[in-house]
Amino acid sequence: MATLILAPVYPAHAQQQTTTPRIGVLYLGASPNANVDAFIQGLRELGYIDGKNILIEYRFAEGKADRLPELATELVGLKVDAIFTAGTPALFALKQATKTIPIVFFSTSDPIATGVVASLAHPGGNITGVSALASDLWPKRLELLKEISPKLSRVAMLWNKGNAGMALEARATQDVAGPLGVALQDRGIKELNELEGVFAVMTKDRPDAFLALMDPILSSYRKRILDFLAKNRLPAIFQSRDWVEAGGLISYGPSYPELFHRTAVQMDKVLKGAKPADIPVEQPTKFELVINLNTAKEIGLTIPPNVVARADKVIR
């Protein structure tokens, strides 16, 4: 593909560029990461090859949220042409670091409620992207738990209290629990060293099931979380299929790799001169149900046939 020529987008980029465009990637988690890989693959399919007709600067916080402001400032200092990021903490760090460099994001949270954009149709400012938020996900996940475990009454919810986006998700889940006859036990943590304490509480005050609101920090402890659930034979539902493929019981939500792939399309528009303010924030329209019958057997749970029949993928 020929070298891209970028139209001026912001005052800070007023001069016509004829050099190879350079983008930054800021991610709270560690490298390698399947979601970031999905974004990069999306760029490749659009003709962008790192080191050939585009340059990519990576910054991974390795799960340490306090490093995000420093890493965001580094990318801004490099005067990259645009930045891709995922998750509310990283997005907040970039929002503080620059008001001019275009930012394309992926987030599971509500970008309006968190103050990231003015509206989905007209984001305003220098930020646009893809949100995995869908209002019916919270009751649907709890409904699925009740379908596979009809006597369920108490559900433990694990989430990262240091993530403002997760706070919105936790509140939305709490709001729908009561009407569904579910007592939601808040097991949110502020620091990863609190996780073992949460497990100890759950061992003594055993819930009927487990709900995980995951971000890159908690996802880095996926094996430990899944091992605890297996040992204690707890039914659990997750937001994304990768947890089920790793041994979790059930997930319901959008295809995260597909959504990360879509952020590449948003980035392409930015690199071709479109203003983020004018690029609508995308939301998912398709959701997938994934069930691991091997895990169900191991924890002694029989998934109703009508639920299995609705699954988009069944692991046997």
Side-chain angles (χ1 to χ4, degrees), residues 1-65 67-87 89-91 93-107 126-130 216 219-220 240 242 255-276 278-279 281-282:
M1 180 175 177
T3 300
L4 298 177
I5 299 177
L6 302 184
V9 179
Y10 295 97
H13 300 272
Q15 274 195 318
Q16 185 84 355
Q17 292 189 2
T18 57
T19 57
T20 303
R22 182 163 56 159
I23 67 170
V25 171
L26 178 63
Y27 198 74
L28 176 56
S31 176
N33 182 274
N35 290 326
V36 173
D37 290 346
F39 168 71
I40 300 302
Q41 180 58 33
L43 288 180
R44 288 195 197 100
E45 292 175 13
L46 291 167
Y48 297 96
I49 309 300
D50 187 20
K52 183 177 179 182
N53 58 4
I54 195 170
L55 300 173
I56 304 176
E57 297 282 352
Y58 295 93
R59 295 294 185 275
F60 289 91
E62 308 290 338
K64 300 175 182 176
R67 294 193 60 209
L68 289 170
E70 174 191 352
L71 297 177
T73 301
E74 277 185 28
L75 287 175
V76 171
L78 291 174
K79 295 182 169 52
V80 293
D81 299 291
I83 300 173
F84 162 74
T85 193
L91 190 48
L94 285 170
K95 191 174 172 66
Q96 289 295 316
T98 179
K99 297 294 189 289
T100 56
I101 297 176
I103 298 167
V104 176
F105 71 83
F106 169 82
S107 175
N126 62 320
I127 301 174
T128 191
V130 176
S219 292
S220 66
S240 60
D242 57 315
S255 168
Y256 283 72
E258 182 178 318
L259 293 180
F260 272 86
H261 198 277
R262 286 299 305 168
T263 59
V265 176
Q266 300 280 60
M267 180 63 76
D268 177 51
K269 293 176 182 177
V270 167
L271 292 176
K272 288 177 177 175
K275 295 180 179 180
D278 301 327
I279 304 174
V281 173
E282 294 188 22

- Smallest heavy-atom separation, I279 atom then T128 atom, equals O-OG1, 2.6 Å
- Item | For T98, all residues meeting side-chain contact (heavy atoms from CB on, under 4.5 Å), sequence neighbours excluded | V76, T100, I101, I103, N126
- Drop me the distance from D268's CG to T263's OG1, to the nearest 0.5 angstrom. 11.5 Å
- Message: For Y48, is there any backbone N or O sitting under 3.5 Å from a side-chain donor or acceptor partner on K52?
- Response: no
- Message: If the condition is side chain to side chain donor-acceptor pair (under 3.5 Å), which residues does S240 pass it with, not counting sequence neighbours?
- Response: D242
- Pairing residues for N35 by the side chain to side chain donor-acceptor pair (under 3.5 Å) criterion, not counting sequence neighbours: none
- Query: For the residue pair P276 and I127, what are the closest heavy atoms and their distance?
  - Reply: CB-N, 3.6 Å
- Message: Just to verify, what does E57 make a salt bridge (charged side-chain N to carboxylate O under 4.0 Å, His left out) with, not counting sequence neighbours?
- Response: R22, R59
- Note on the structure: To the nearest 0.5 Å, atom CG of L94 lies from atom CZ of F84 at 11.0 Å
- Item | Atom pair CD1/CD1 of I23 and I83 - distance to nearest 0.5 Å | 9.5 Å
- Message: Testing the basics here: between G42 and A264, what is the closest heavy-atom pair and its distance to 0.1 Å?
- Response: C-CB, 3.5 Å
- Message: I need the E282 CD to L259 CG distance, nearest 0.5 Å.
- Response: 8.5 Å
- So, the side chain of T85 versus the backbone of L26: is there a donor-acceptor pair under 3.5 Å, distance only? yes
- Message: Nearest 0.5 angstrom please: N53 CG to T20 OG1, how far?
- Response: 7.5 Å
- Task: Name all residues meeting the side-chain contact (heavy atoms from CB on, under 4.5 Å) criterion together with D37; count only those two or more places apart in sequence or in a different chain, and write none if there are none.
- Result: none
- Do F39 and V104 have side chains that get closer than 4.5 Å, going by heavy atoms? no
- Smallest heavy-atom separation, P257 atom then A38 atom, equals O-CB, 3.6 Å
- Item | Approximate separation, where rounding is to 0.5 Å, of M267 CE and L46 CG | 11.5 Å
- Show the numbers, then the answer: is there a side chain to side chain contact (heavy atoms under 4.5 Å, CB included) between F105 and V281? CA-CA 9 Å; F105 71 83; V281 173; 4.0 Å; yes
- Item | Partners meeting side-chain contact (heavy atoms from CB on, under 4.5 Å) with R44 (sequence neighbours left out) | I40, Q41, I49
- Return yes if some donor-acceptor pair links the side-chain N/O of Q266 with the main-chain N/O of G129 below 3.5 Å, else return no. yes
- Query: For E62, does the CD atom sit with more than 12 other heavy atoms under 6.0 Å from it, leaving out its own atoms?
  - Reply: yes
- Item | Considering all heavy atoms, the nearest L68-A90 contact | CD1-N, 3.6 Å
